[in-house]
Amino acid sequence: MEPFSCDLLLKGALCAYLAGVCASLLAARRERLAAVAGFGCAALAGICGIGAAIWALLQGAATPVPTFDLWPSVLPVLKLSLRLDALSAFFLLIVSSLAVALSVYSVGYARAFYGRKNVGVLAAFYNALLLTTTLVFLAANAFFFLLVWELMALSAFFLVSFEHEKPEARKAGVLYFVMSHLGTGCLILAFLLLFQCAGQASGDFGPDSYSFSLFHALGDKMTPGRRDAAFLLFLAGFGVKSGLVPLHIWLPEAHPIAPSNASALLSGVLIKTGIYGLTRVLFDFLGTPPNWWGVTVLSLGTISAVLGVLYALMEHDLKRLLAYHSIENIGIILMGLGASLMFLHTHHEVLAALALAAGLYHTMNHALFKALLFLGAGAVLHATHTRDMEKLGGLIKRMPQTAACFLIGAVAISALPPLNGFVSEWLTYQALLQGFGTTSSLFRLMFPLSGAMLALTGALAAACFVKAFGITFLAQPRSQQAAEAREASPSMIAGMGLLVAACVFLGLFPTTFLRLLDPVTEQLAGIELSPMLSLANGLVLGSSSQPLGGTISTLGIAFAALCLITVPLGLRLWFGRRARTRIGPTWDCGLQGLTPAMEYTATGFSKPIRMIFKALFRPRREVQREYDFSPYFATTLRFESHVEEVFETRIYRPLNRLVLRISRRLRALQAGSLQAYLIYIFITLLLLLLFAL
Amino acid sequence: MSLDLAGILVQTALLLLVAPLVTGCIKNWKAKLQNRRGPRVWQPYSDLAKFLAKSMVISEHASWVFRSAPYVVFLSALVAGLMVPMVSAQAPLSLFGGVLAVVGLLALGRFFLALAGLDPGSAFGGMGSSREMTIAAIAEPAMMLAIFTVAISAGSTNLSQIVQASQAPAWRLLNPIHAMALAALFIVLLAETGRIPIGNPATHLELTMIHEAMLLEYSGRYLALMEWGASIKQLVLMTLLVNVFFPVSLAANASAPALALGFAAYAVKLLALAGAVVVVETTNAKLRLFRVPDLLTAAFVLAALALLSTFLFQ
Amino acid sequence: MLLTWTLITPVAAALASLFASSRRTMALLNVLAFGLTLGFGIALVGRVLSHGVISEWNAFLYADALSAWMVLLISAVSLGTSVYAGRYFQRDLAAGAVTPGRVRQFHVLTPLFAAGMFLVVLANNLGVMWAAVEATALASVLLVALYNRRTSLEAAWKYIILGSLALALALLGTVFIYAAACKNAPQELPSFNWSQLMTTAHQLDPHLVKLAFVLAFIGYGTKAGLAPMHTWLPDAHSEAPSPTSAMLSGVSLKVALYALLRFHILTTACLGSGFSRHFLLGFGLFSMLLAAPFILVQRNLKRMLAYSSLEHIGLICTGIAMNTPATIFGAVLHMGYHALTKPLLFVAAGNIHQTFHSLEFRIIGPGVVKVLPLTVLFMGLGAMAAVGLPPFGLFLSEMTVISGGLAAQQTTVSVLILVALLASFCGILQQLFRILPGARRPERARTERATDGLAAMALLLGGLLLFSWWLPEPLNKVMHQAAAIIGGQP
Amino acid sequence: MNQPVSTEFGAQLITLMAALMLVVQLLIIAQRMLLTTIRLFAVQSFFLAGIAAVVAFFHNAGEVYVVAVLTLIGKVIFLPWLLDRQVRRIQIVQELEPLLNPTASMLVCGGLTLLGYSVARPFTSLERLGNNTLAVAITLVLTGFFLMISRRKALTQVLALLTVENGVMLAAVALTSYGMPLVVELGVFFDVLVAVMVLGILVYRIRETFASMDTSKLSQLKG
């Protein structure tokens, strides 16, 4: 496929998204048609996007990067130029593959909104979000990037507050959009600092001094003070969007409240725009980073990972639990990127490429299994109309396929072999392990310590998903809604199936995917990884060029397990030919049968962890006991336990109260008395007459 | 790079046979120390044979997760076992994964074991799963830090490399780094296998049992697989501990005398470690559940000290 | 004769509607008059692009690119609001809020108000310009006091007192400028035309020009609503009938700013760019920063829009004060887009006001979308434009100003502008999102719906969207020339 | 017309009348009776007309006479009559308690006069007839401003505005060689006239709805 068809595919994808927006708005009256048209266009666009991305990635760095203008620029400052280099192609692959899977899912999922909400509008915003996200990845100049970045935030805002009848949806929408816009403010300032430096370098401040090709390695030309300011602003701006810990409080509010296909899109793709931004800026624009940049990113990543999973464990709302896990996985990705920055500082290009590959690989993995889990949660919500795990249970018998897909997602996110989560965390471990030897300063202790924290995160994630899967799907249904749940529609299962297939493929064949990452690491860190890392013609994944680097082959493990299955089967034939299996009641210590109320609940499951980490959670529990005549014979018992959201109560709420108090005091300036207004002008006049002349 | 099929078969057989023996020895010696006669050393073999022959009762609420969990636990332990060097320095499946893969496989087994505990819907299973996952989560960083210390000094996470590195001339029997890492890993071993200070493998008392709570609903063939898997996991961890810190006379090549010497040394080391476990079990009482994290944090601090010492002393 | 025609048509419309029979004819007359003036404006732009400067009645009326641009803005806003005014009063008459006499008063005064603004923009003589600004003030005060409510009277009284006092100071400033001109050429009577004064600007006595600029700044600054002289602005804009507050907020602030700019250009020509620039910069930034807290804790819909205008005027002033071609062009562009956005918001607010009979957020309450879906759609899009979100041009102009500021190494000013814009974004989004979406509380569901502003809103939004994405060449050139004039190169 | 007795006499006359205008201004600030305030304003306007006549006479410039006559008719006769009619119709005579007691106001006016003189000092070279009339003009403006701040009655505020207007007209007449061009003078004059009429309407409507002319009642619009 020569370069011409790549532009065609790309333009085809963009037009298909646009067509999706228009089709679903036009057909808003007839819901079925709107759903099929809107999501169909999105799926088609996704396929074109995948084609263009894979073509660009397979071409390698030699061929010229396809750049073209959307349409001739009409406004004086704005040039709508797009560029598909390796990094953009990789993220285009992520957004397009998710678009296909989510669109297939959404056709079935939209049935939940028939008659209640306007499906055409949902499909329109869904297509708009995909279009603007794709444009964010392809934008080739700062002005256009900020424009589509803001449009993306806008369409995500409409998706989050889609069911605006519910007050919490409105509150979450406003919180999301305010924090996202403050982040964009930081980005505007940061990009303009780069523009200022580029303008000085090139002499004129015309529209082309915004272009990203001019920004390449601009950091070396900037003064250190301005460069660090730009770094911090970029970290804040992109940190808000990707849910880094101190800036994460909007994420657990916004993602669960959106419709499930939208929250899958938000968690799977929108967060990755923050990662794309950080990667583009830190590796492409700001030149060789000082050491403290890498240390900051690595420590923020570690803190995000640990706190994300700890707060996830305390949630018993299924989608909020998954939202907190997004924060955890973003932390893991940033650990990879932070380590890569530190290696770049000490000029270990191979290790930098390895850490960057680990981070980007985990970005892809997280997009896939997080979307899968959100779709599963959406199917559960669709069937039982509740997200509270305490009311679910026994769904595996009523929704077997959804349960199977959710289980695969749970195993993948808990980084257990042989699925893709394990591979990307294994790469991160290898990068951290080999990082110890790179410097002699005290900072090299950070690598093993963050490795240990990564292990803690992985184990806690496993505990969290045992709780999530076990309490939601296993044992007996705890409520009437859970008992009457029915399996999701075939299109929803198909959507989830696509993601399961992708997870399994990325888990078992890491080296083939690593080949796609080659041009990205070659562009950003200067090293092509796959020749070094894929040993035994692609079967085994190595971790470093020296012969004694650790090796892993998930395919080998799976194959060994298949062969060894003969042992238990042989034992069964040898010993247990006459053994019968009988179905009986669960052991109930002689009482007359177990009721669902006796099962272990989500709160109970996470109680030990809440006690161990009570310094962080500061749990509060109240037991109200009503009784008729004696306190020892309670008629009803109400138990309520609450975990304090530290960041919100300690930082954001006091800040908000302070700003409003100052504003109210300032409002007294406009107190209504004409005399006061005259005095303001009189004083201004006197001051100017005295001092300004 | 070639996978010698013979090595794999021998190691699998070795794993299957030695694991129940170790559990039997520990039970027997513990009884002797408490001057009881206790069960015979090969009692576990007969238990397993009995369970395999008996027919099963499966709870009505259980799903296919309950039925597939025994196979996953058993196979993950077995595959992990194949990646650990027991007799010869080169583990049969060492190409497919190093120590991180072993830890990952054991975690996979634990994941499905906990799910199986929750499936029948009884409170015991839920409590067992919750405690198992919590303790494992707290033990994980200590184990990872100890492994990191050892891997850093050896330069790779591949167990054969670690073992060969510690056979190098500069290696002293127990330098301070390895001593602290060994202590940390010993505590983690006790936590992972649910031995006395953390859990009590002998009783079915709901206050103390963690591992047994999850197996409560199993019977017949599945119970055999579960028990066997648990003992293989215990063997894998003990072998890891033994061969990494005391890599004395591991067979460098496949010649008969080297293998025999290696096997003998391995047996001695294994039984010595089992003895140490028995001594610890009889001299200690079980810790309250919320004191267990303090113990495991102590293990984490030990591993961190080991890491620091590699940085200071080198 | 183009300039005289632009002045004559609104006055003629005012006289005609004085004697017109029915309300409908009066509304039609207004719309017709402003349609004509828009045509004249476009013709004027064309003529100015070809001839540079047009003057009539031996330079009594004078139109350069800046005044042509202002004529265009004034006529566009007036046309939009007059289209809305026709239907607006029909509902008010039915509700008895206004007597037929007052409606006639409205239809007479609005064209006079517009005529005053045209005169300000086209007058060459600074004294006549002052008289025209005073005339617009007087016309608009009676419009503000149209309703008989206590609060409208209070707003009108404050508006006229603060306005007249400030204009007295402005007159003193004008006198001093003239005195400087006389000192320069003592023997014959110097002409008071701005164009002549510009030619002899460098010889004027700098001290006198400084004093004159200070007084003119206080005077016209108050009329332009710069903080801390802005206190009349929220009261007047929230109490006036919606069409009038749309004109007040949309363009009358900019006309006063235009007058201030004439003085600014004169002073820069005389004293260099050191003196007057700092005034605009300081007061502009202060206006932006002061508007933000008031928007954050605002309880009244129209007052919030008024404070948002205060902020936009502050941005335009700061853009001009940074004195580089890019920032001044950004400010001029911002004038245009704001002139289209603000009336749109006020028309939507008018609809909501007439439906819920209140402007308090508490009383309007959540769920307006269930009662007035189309108005909420227009208001949402207008609000998105007003806070500077991309699909609309204001994002473009704000970015031009900020990037121009950074290009001119004035980083702290640009940062302060960005902070103010973000603060007002949070305020407006939070307030509007509390009332527009959501489910309607049952007891308020059955109010009858006022949806007459739709035509006007569609016109304004269409114009805004069209010019956000397609900037025709003549418009672009006239804005560049206007920016050049403000920047000091004739 | 040949040069009559001597410009020096004219300068003295103008300085005297400017000083008298300032005295009248201080009188207005000192007392609280509405009707007297209107009459004092008429006297002040009379002096302004006198100055304009003297300037016209000595510079033999025709238009300034027109200005003088207009000021005489408008500000000395018509406006006071209009305001008088308004006061009689509303029957309110006494001004409310002002913001500052009279002695404090006097001190403030003293300060403002000092400021006026300091601002006007660099421009003394400008005046051709009568020295420091510019200082008086600026002082009149500032004290008028202060008067408006300290009084709460609507009508008094209108009068304060008119005294400020007088200050500005004095500056116009004194500073420029022949006063401002006629078209500007006419424009300014008619604007002042219309302004007072509009203010009259508003005062009347405030009187109707608030049953008093106290502007401190006008304070509902907050925030």
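Numbers restart at 1 for each chain; the letters A, B, ... are given by sequence-line order, proteins then strands. On a predicted model such as this, the values are computed, not experimentally measured, just so you know.
Ranked by heavy-atom pairs under 4.5 Å with chain D, the first of L126(C), V128(C), I161(C), L215(C) is I161(C). Chain D forms the most heavy-atom pairs under 4.5 Å with one residue out of Y307(C), F60(C), W157(C), and that residue is W157(C). Among M148(D), E165(D), K217(D), the residue making the largest number of heavy-atom pairs under 4.5 Å with chain C is M148(D). Comparing L169(C), T151(C), L167(C) by heavy-atom pairs within less than 4.5 Å of chain D, the highest count is held by T151(C). When L202(D), V203(D), T209(D) are compared by the number of non-hydrogen pairs under 4.5 Å with chain C, L202(D) comes out ahead. Heavy-atom pairs under 4.5 Å with chain C were tallied for A195(D), G167(D), G187(D), A160(D); the largest tally goes to A195(D).
Proximity to chain C involves both the backbone and the side chain of V188(D), based on heavy atoms less than 4.5 angstrom apart. For V194(D), the parts lying near chain C are the backbone and the side chain together; criterion is any non-hydrogen pair under 4.5 Å. Residue A137(C): no heavy atom, backbone or side chain, is found under 4.5 Å from chain D. If you measure heavy-atom distances from V119(D) to chain C, the contacts under 4.5 Å come from the side chain alone. When heavy atoms are compared at a cutoff of 4.5 Å, V168(D) approaches chain C by way of both its backbone and its side chain. Both the backbone and the side chain of L199(D) have a heavy atom closer than 4.5 Å to some heavy atom of chain C. For R303(C), the part lying near chain D is the side chain, with the backbone staying farther off; criterion is any non-hydrogen pair under 4.5 Å. In this structure, chain D has heavy atoms under 4.5 Å from both the backbone and the side chain of L165(C). A137(D) does not touch chain C: none of its heavy atoms, backbone or side chain, sits under 4.5 Å away. In this structure, the portions of D235(C) lying under 4.5 Å from any heavy atom of chain D include both its backbone and its side chain.
The environment of CZ in R299(C) is sparse: at most 12 heavy-atom neighbours from other residues, nucleotides or ligands sit within 6.0 Å.
Here the side chain of T37(D) pairs no donor or acceptor atom with the backbone of I28(D) at under 3.5 angstrom.
Taken from CG in L119(C) to CG in L61(C), the straight-line distance is 7.0 Å, to the nearest 0.5 Å. Rounded to the nearest 0.5 Å, atoms CZ (F210(D)) and CG (L218(D)) are 4.5 Å apart. For the atom pair T156(D) OG1 and L161(D) CG, the distance stands at 12.5 Å (nearest 0.5 Å). Rounding to the nearest 0.5 Å places CG of L3(C) at 4.0 Å from CD of E56(C).
At a threshold of 4.5 Å between non-hydrogen side-chain atoms, the residues C109(D) and L26(D) count as touching.
Side chains of Y204(D) and E208(D): a donor on one and an acceptor on the other come within 3.5 Å. For the 3.5 Å distance criterion, the side chains of D214(D) and S216(D) qualify, holding a donor opposite an acceptor.
For the side-chain contact (heavy atoms from CB on, under 4.5 Å) criterion with M129(C), the lone passing option out of F192(C), W194(C), F263(C) is F263(C).
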